[in-house]
Structure formats: structure tokens, C-alpha cells
A.B. asks: 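Structure incoming, see below.
Lettering follows sequence order; numbering is per chain, from 1. Quantities reported herein were computed from a predicted structural model and do not represent experimental measurements.
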There are 2 protein chains.
Amino acid sequence: MSVKHIILGILSWKPSSGYEIKTEVEYKGRELGWGKVSFGSIYPKLKELELEGLVNCKEVSQTERQTKMYDLTNKGWAELSDWLRSNPTYPVVRDELLMKMSFWNYVPNLSIDCLIAHLNNRKINSEKMLEHLRDWECNDVSSIGNLAAYSFEYLKLQLETEIKWINQTIEKLLLNEQQPHKDPMNLVQESHKRYQKTVE
Amino acid sequence: MSVKHIILGILSWKPSSGYEIKTEVEYKGRELGWGKVSFGSIYPKLKELELEGLVNCKEVSQTERQTKMYDLTNKGWAELSDWLRSNPTYPVVRDELLMKMSFWNYVPNLSIDCLIAHLNNRKINSEKMLEHLRDWECNDVSSIGNLAAYSFEYLKLQLETEIKWINQTIEKLLLNEQQPHKDPMNLVQESHKRYQKTVE
DNA sequence: TTGGACATGTAACGGGTTACATGATTGA
DNA sequence: TCAATCATGTAACCCGTTACATGTCCAA
């Protein structure tokens, strides 16, 4: 899981320039569960891969703009294949919204409206992504392997679940309903006391 | 979203040593959507935070083992509060399983059984996490704020959705059912041709 | 003629992990 | 007495981003 394998994977789709790889990641990355990749990591990595003999490079310059087109070598296909067969690592998410919710109770003087605003914001973004996903499925230029289509389905399900959860959660917060929670050591109260003492 | 805020957040729960912070992240991190944090980043960061005046440190050493207990200062509470109020960034996931599925079709000679094994593996891990989550809710020592409980709910829903999706996907793969996919430019075939040429 | 997409690159920095080093205390 | 847990720290490294520098081609 790294820029290296993203590059090799995209080159398996078709020979591409560094610039094209970037736009490909930009465009499909969100949908397919990749992160982002910057030029600053693509170009040096391509050179490295060339040195390793995993890709080769042809300069195209005739009528067209000068461009370096990369393609997989024998060794590159093998490396990609090996990686695909190796067991994927379990994803570790660092979700800032969830983190904030974990701490929200313990800090006094925080408005619940502010948290609701965060949730709404998240919802708007997720709805945008969902829409983007559906648009993409409707367009008739993009290719998508049938297995990639399954990962599409995954993303859609997760986004739908998330939106549902946000709606429910906001509703509960507005009703000021208390989720059954437990605090055997009275940490929330303790925190507020400590806060008072410190700020006093 | 960083080690800094994780530390401040945990200190809002209760004063802790670097070691305790680590175990706290270890134990609750998975459930609450944080990543992992290593000692190598906790200890230097605590010193830094002390210099910035966000936390203070008391050495405890009497009968007990020598320990540095940290707590939030006035400024630390303020910083935490500011961060909580600021709009969370939208999470970017890099999911290796999804990435591999995006590329699977384009590389010849990959067994579908191998992909099914990856999916099963993921399922096992997710089931373990789900179980862990449920255990945690039942134990009677851990505190959890009512808002943290909502993020718990989120994680549970996402895991359940994921497991359902895995089951469906494996079933489809076993039936060799073709997901409606599109390939207007015949990229899959093209890739296989390119592969043949390169490997020949 | 000018701004925007195309195209490539590098140096500085950032934020973390890994691996290593050290040592006290506790329980089997 | 020996392994496990508690406890702290640092230096080397990794992998990426940001910011900058440079230049072409095309269309409004």
C-alpha cells in the first residue's frame, strides 16, 4: 500500500505519463478507496521504479507536447501481481469527527450546536461523494472492471450508512436525548471539576 | 488531527503518564476511530507540549515507580476546546483491499480464490473488532461519554455493513456472477494483450 | 495576449514509525 | 530468577506533502 503500487496498478490499466497518473488518482481515487497522491511523490517515484526495472519510459515529443510515457515491464507486472496476491493490511482510519465526539463531553462550555454543525458538514460532504459516485456510474467513458464495481458498491453502502447515522444522531441531539452511557468512575464530572480548578 | 490533539483529549479524561496515554490509545483507539500512536511520538510530543505550556508535569516517585504525570493547563484546555470547535477534516481512507480489487481484473493469471481469501480475512478481522466493541460496551469499568457512545454506534454500523457486503460479494464471486460492468474502451482486454506482449 | 490546462521536476519540511537503549518492579 | 509489565527516552529513517521553479500549447 503505497504510491509505488498505485502507480503500478494504474499503469496496468494503460501506459501513462506522470501527469495522467495524477489525474487518474484525482478522479478515481476517492471512489476506489485510495488516498491522494501529489506530483512531488509521483515523479521521483517513477524514476525510482525505472531504476528498479519495474517500468520503462518512452519520450514522446513529435507533434505532441514532450511527454514521458511509462509502461510496466515484465518485472513490473510480476511485482504488481505479487502485491495483489499478498494479504491486504487492515485499514486504520483516523476520523477527526469521531475523535472529537470522544472528547466532547469532557470539555465544559462546548455548545452542542457546534457538534451538530460538524455532523451536518460531514453529511454534506458524504452526500456530494455519493452523488459523484452515482454520476460516475452513469457516464459512458470510464472503464471499470467488474471487481472494481464491487468496491464501488462498498463505498456506496458505507456512505449511505454514514448518512443515515448522521441523521439519527442529529435528531437525538436535538431532542437532547441521552444515549444510554456509563461512567462508573464519574470521569465526566471529575473532568469538569479539574477544569474549574485549573481555570479558576 | 494529530498526536497533539489525541494527547490533549486523553488528558482531558484524566491526568496520565506517557505510558498510560499509549495504552489508552491502544485500547480505545480502534473503537473510537483514532489511529495508532507509538512511544516514539508520544514522549517527545509531551515535552513539546510542556514547553508550549499546554500541559504540566509532576514527577511521582514515592513508594511508586518513578512516573511523570501530565495534566492540562489553562492554555491546554483552551487549545483542546478550540480544536474541538474547529471543523473536522473529511477522512481520507487508503483501503488496500479496495485498491487491489480495482486492479484485479487487469492482471492476468490471478486466481479469484485468492481475492476471496483476502475478503474472508478482512471479514474475520472486522468480526473480531465488532466483538471487541460489544464486549467493551458490556464491561463495567470503562467510562464512555454519551457522545462517544454515538461514535461507537457509528463504528458498529459500518462494520455490520462491511460484513454484509463481504458476504454478498463472496457469494457472487463463487457463483461467478458478472457484476454489470462497463468497459467502453476495452481496457481489460487491452491490458491482457499488453501483458502477453511484455511477458512474451 | 493571457489565463488555464498540460507537463516535469526538486528541495525543504513534516509527522510519524522503527529500532534501539535503559532500567525498575512484580509475580510465577 | 526470569519473564512480563511498567516506564522513559532518542536517533535514524520513511514516506509523503508543500512550495517553488520552469516551460509548452491552446483557446477565448
Side-chain angles (χ1 to χ4, degrees), chain A residues 1-8 10-11 14-27 29 34-52 54-70 83 89-96 99, chain B residues 1-8 10-11 14-27 29 34-52 55-70 83 89-94 96 99:
Chain A
M1 174 162 59
S2 54
V3 173
K4 174 176 174 176
H5 295 114
I6 292 179
I7 291 177
L8 294 179
I10 288 178
L11 290 182
K14 62 181 180 50
S16 312
S17 67
Y19 192 89
E20 283 176 309
I21 290 172
K22 173 75 166 23
T23 51
E24 203 68 21
V25 174
E26 205 92 311
Y27 188 57
W34 317 343
K36 294 181 174 185
V37 187
S38 62
F39 285 130
S41 49
I42 289 177
Y43 287 120
K45 187 57 74 177
L46 278 169
K47 286 200 169 171
E48 209 180 291
L49 294 175
E50 203 186 355
L51 275 174
E52 284 184 66
L54 298 176
V55 304
N56 57 36
C57 172
K58 271 182 207 152
E59 298 229 13
V60 181
S61 46
Q62 35 267 54
T63 30
E64 309 165 51
R65 210 187 250 98
Q66 178 226 316
T67 304
K68 294 186 177 179
M69 294 298 283
Y70 289 89
W83 173 68
T89 57
Y90 196 81
V92 178
V93 232
R94 184 165 288 175
D95 189 322
E96 210 177 329
M99 276 178 56
Chain B
M1 171 162 60
S2 54
V3 173
K4 174 176 175 176
H5 295 114
I6 291 179
I7 290 176
L8 294 178
I10 288 178
L11 292 181
K14 62 181 180 46
S16 311
S17 65
Y19 192 87
E20 282 176 310
I21 289 171
K22 173 77 163 32
T23 51
E24 203 67 22
V25 174
E26 204 92 312
Y27 188 57
W34 317 342
K36 294 181 175 186
V37 188
S38 62
F39 285 129
S41 50
I42 289 177
Y43 287 120
K45 187 58 72 176
L46 277 168
K47 286 200 170 171
E48 208 180 291
L49 293 176
E50 203 186 356
L51 276 175
E52 284 184 66
V55 304
N56 58 36
C57 172
K58 272 181 203 151
E59 298 230 15
V60 180
S61 47
Q62 34 268 51
T63 30
E64 309 164 54
R65 210 185 249 100
Q66 177 225 318
T67 304
K68 294 186 176 178
M69 294 299 283
Y70 290 89
W83 173 68
T89 56
Y90 197 80
V92 178
V93 233
R94 184 165 288 175
E96 209 178 329
M99 277 179 56

A.B. asks: Please state how far atom CG in B:Leu49 lies from atom P in C:dG15, giving the value in whole angstrom units.
C.D. replies: 12 Å
A.B. asks: Would you kindly give the CD-to-C1' distance between A:Glu50 and C:dT8, to the nearest whole Å?
C.D. replies: 14 Å
A.B. asks: Excluding sequence neighbours, so at least two apart, what forms salt bridge (Lys or Arg N to Asp or Glu O under 4.0 Å) with B:Glu50?
C.D. replies: none
A.B. asks: Output one letter per nucleotide in nucleotides 6-13 of chain D: B when a protein non-hydrogen atom lies under 4.0 Å from the base, S when only the sugar-phosphate is that close, - when neither is.
C.D. replies: BBBBB---
A.B. asks: What's the spacing between B:Arg94 CZ and A:Ile6 CD1 if we round to 0.5 Å?
C.D. replies: 4.0 Å
A.B. asks: Expressed as a whole number of angstroms, how long is the span from A:Trp34:CH2 to D:dG16:P?
C.D. replies: 15 Å
A.B. asks: Using whole Å, what does the distance between atom P of nucleotide C:dA5 and atom OH of A:Tyr27 come to?
C.D. replies: 16 Å
A.B. asks: Tell me: CD1 of A:Ile21 to P of D:dG16, nearest whole Å?
C.D. replies: 14 Å
A.B. asks: To the nearest Å, how far apart are B:Leu46 CG and C:dG16 P?
C.D. replies: 13 Å
A.B. asks: Evaluate the side chain to side chain donor-acceptor pair (under 3.5 Å) criterion for residues A:Glu24 and A:Trp34: first the C-alpha distance (whole Å), next the side-chain angles of each, then the deciding distance (0.1 Å), finally the verdict.
C.D. replies: CA-CA 11 Å; A:Glu24 203 68 21; A:Trp34 317 343; over 6 Å; no
A.B. asks: Taking NZ from B:Lys45 and C1' from C:dG15, how many angstroms apart are they, rounded to a whole number?
C.D. replies: 8 Å
A.B. asks: Side-chain contact test, heavy atoms from C-beta onward, threshold under 4.5 Å: evaluate it for A:Glu59 versus A:Thr67 and give yes or no.
C.D. replies: no
A.B. asks: Rounded to the Å, how far apart are A:Lys22 NZ and C:dA5 P?
C.D. replies: 13 Å
A.B. asks: Which value, rounded to the nearest 0.5 Å, describes the distance between A:Ser41 atom OG and A:Lys4 atom NZ?
C.D. replies: 14.5 Å
A.B. asks: Kindly indicate whether the side chain of A:Tyr43, heavy atoms from C-beta on, has any atom under 4.5 Å from the side chain of A:Lys68.
C.D. replies: no
